[in-house]
Peer 1: 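Mind looking over this structure? Questions follow.
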Amino acid sequence: MVSYLRGTLAAFEEDKVIIDVGGIGFGVYMSGQSMGRLPSVGSEVKLHTYLNVKEDAMQLYGFLSRDDLSVFKLLIGVNGIGPKGGLGVLSALSPDDLRFAVLANDVKAICAAPGIGKKTAEKLILELRDKLKLEDALEHIASDSEVPAGMESHGRIQSEAVQALVALGYGSTEALKAVKKVEAAEAMEVEDVLKSALKYMSL
């Protein structure tokens, strides 16, 4: 199994890139969001990969991080969503946006992905809700913000701030995104997180 590729970005194609590894060109399918974050042709890149083996073809799917790959694997584990469907979801939603949409039961946001209808979106939310828990999402937010020790308390405070925003009438996805932007200190009170998040909501 090919776990990752490290080589030179040789070319962009419509839905994939060509990576030159030791003189061999590997075609790697990627989401639109990930392709947009790649450097220019000729640069060295490393892609975490998933090898999809079918009767008539072997296809490589590439991701910029292990987290992206993990979310992709969860997506294709949902009945009715294949590798191309998984990439379609990740082209419309970043892994964090997908987490928020699943946690907020935001069917409309997931339906924005090409080929994903309401029933498939509902199934995706149902099957992934227990695998993408609120605590995991908040921990991921804290990790991105390089928040120090005391994660449990910080996560609880952020969770309460999200719940307060929802109680004020904001959508759960919108609330989660706003709270993510708050660089909260360990000792920050819920009210302070809420006030800072509300500033982002009004931008």
Peer 1: To the nearest 0.5 Å, what is the distance between CD on Glu44 and CG on Asp20?
Peer 2: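 Separation between the atoms: 11.5 Å.
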Peer 1: Ignoring hydrogens and angles, tell me if any N or O in the side chain of Ser70 forms a donor-acceptor pair with the backbone of Arg66 under 3.5 Å.
Peer 2: yes
Peer 1: Please lay out, stage by stage, how Ile110 and Thr120 fare under the test side chain to side chain contact (heavy atoms under 4.5 Å, CB included).
Peer 2: CA-CA 9 Å; Ile110 296 173; Thr120 302; over 6 Å; no
Peer 1: Does Val28 share a hydrophobic cluster with Leu51, counting links as ILVMFWY side-chain heavy atoms below 4.5 Å and allowing steps through other members?
Peer 2: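 The answer is yes; both residues are in one hydrophobic cluster.
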Peer 1: Counting neighbours of CZ on Phe12 that are heavy atoms of other residues, nucleotides or ligands and sit closer than 6.0 Å, is the number greater than 12?
Peer 2: yes
Peer 1: Grab the two heavy atoms, one from Ala197 and one from Ala178, that are nearest each other, plus how far apart they are.
Peer 2: O-CB, 3.8 Å
Peer 1: Which atoms form the tightest heavy-atom contact between Ala92 and Ala113, and what is the distance?
Peer 2: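 Taking every non-hydrogen atom into account, CB-CA, 3.7 Å.
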Peer 1: Dump the intermediate steps for side chain to side chain contact (heavy atoms under 4.5 Å, CB included) on Ile125 and Val107, then the final yes or no.
Peer 2: CA-CA 8 Å; Ile125 290 171; Val107 173; 3.8 Å; yes
Peer 1: I need the Leu93 CG to Leu75 CG distance, nearest 0.5 Å.
Peer 2: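 Answer for the CG-CG pair, Leu93 versus Leu75, is 9.5 Å.
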Peer 1: Taking the side chain from Ser196 and the backbone from Asp192, do they hold a donor-acceptor pair closer than 3.5 Å?
Peer 2: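 Between the backbone of Asp192 and the side chain of Ser196 there is a qualifying donor-acceptor contact (under 3.5 Å).
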Peer 1: Would you give the length of the straight line joining atom CD1 of Ile19 to atom CD1 of Ile24, rounded to the nearest 0.5 angstrom?
Peer 2: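 One finds 13.5 Å between CD1 of Ile19 and CD1 of Ile24.
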Peer 1: OG/Ser65 to NZ/Lys46 distance, rounded to the nearest 0.5 angstrom?
Peer 2: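 The OG atom of Ser65 sits 11.0 Å away from the NZ atom of Lys46.
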Peer 1: Do Phe26 and Leu60 come within less than 4.5 Å of each other through their side chains, counting heavy atoms only?
Peer 2: yes
Peer 1: Taking all atoms of both residues into account, what is the closest heavy-atom pair of Asp15 and Met35, and its distance?
Peer 2: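 The answer is C-SD, 4.1 Å.
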Peer 1: Please report the C-alpha distance between Leu64 and Leu38 in whole Å, then the side-chain angles of each, then the deciding distance to 0.1 Å, and finally whether the side chain to side chain contact (heavy atoms under 4.5 Å, CB included) criterion is met.
Peer 2: CA-CA 8 Å; Leu64 297 177; Leu38 286 171; 3.6 Å; yes
Peer 1: How far apart are the closest heavy atoms of Val45 and Pro39, and which atoms are they?
Peer 2: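 Minimum heavy-atom contact is CG1-CG, 3.6 Å.
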Peer 1: Side-chain contact test, heavy atoms from C-beta onward, threshold under 4.5 Å: evaluate it for Leu5 versus Val2 and give yes or no.
Peer 2: yes
Peer 1: Any side-chain heavy-atom pair from Val71 and Arg99 closer than 4.5 angstrom?
Peer 2: yes
Peer 1: Flag yes if Ile76 and Val53 sit in one hydrophobic cluster, no otherwise; membership is Ile, Leu, Val, Met, Phe, Trp, Tyr, and two members link when side-chain heavy atoms are under 4.5 Å apart.
Peer 2: no
Peer 1: What is the minimum heavy-atom distance between Val89 and Leu98, and which atoms define it?
Peer 2: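 Residues Val89 and Leu98, closest heavy atoms: CG1-CD1, 4.0 Å.
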Peer 1: Between the side chain of Ser34 and the main-chain N/O of Ser31, is any donor-acceptor distance below 3.5 Å?
Peer 2: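 No: the side chain of Ser34 does not pair with the backbone of Ser31.
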Peer 1: Looking at side-chain heavy atoms only, is the closest gap between Leu69 and His48 below 4.5 Å?
Peer 2: yes
Peer 1: Please examine the side chains of Gln59 and Lys54, heavy atoms only from C-beta on, and report whether any two atoms are closer than 4.5 Å.
Peer 2: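 SC-SC contact between Lys54 and Gln59 confirmed.
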Peer 1: For the CG atom of Leu124 and the CG atom of Asn79, what is their distance to the nearest 0.5 Å?
Peer 2: 11.5 Å
Peer 1: Would you sort out whether Asn52 and Met58 count as a side chain to side chain contact (heavy atoms under 4.5 Å, CB included), showing the intermediate values?
Peer 2: CA-CA 6 Å; Asn52 184 51; Met58 291 193 297; over 6 Å; no
Peer 1: Find out whether Tyr61 and Thr49 are in side-chain contact, i.e. whether some heavy atom of one side chain is under 4.5 Å from a heavy atom of the other.
Peer 2: no
Peer 1: When rounded to the nearest 0.5 angstrom, what distance separates CD in Glu122 from CG in Asn105?
Peer 2: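 The distance works out to 8.0 Å.
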Peer 1: How are the rings of Phe63 and Phe72 set to each other: parallel, tilted or perpendicular (split at 30° and 60°)?
Peer 2: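 Rings of Phe63 and Phe72: tilted, 30 to 60°.
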Peer 1: Would a distance-only check, ignoring hydrogens and angles, find a side-chain to backbone donor-acceptor pair under 3.5 Å from Ser91 to Leu87?
Peer 2: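 Yes; at least one donor-acceptor contact below 3.5 Å.
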Peer 1: Should the pair Lys73-Asp68 be classified as a salt bridge under the 4.0 Å nitrogen-to-oxygen rule?
Peer 2: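 Looking at Asp68 together with Lys73, the answer is no, because their closest N to O distance does not fall below 4.0 Å.
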Peer 1: Are the side chains of Met30 and Leu90 in contact, using a 4.5 Å heavy-atom criterion?
Peer 2: no
Peer 1: Is there side-chain contact between Val21 and Arg6, with heavy atoms separated by less than 4.5 Å?
Peer 2: no
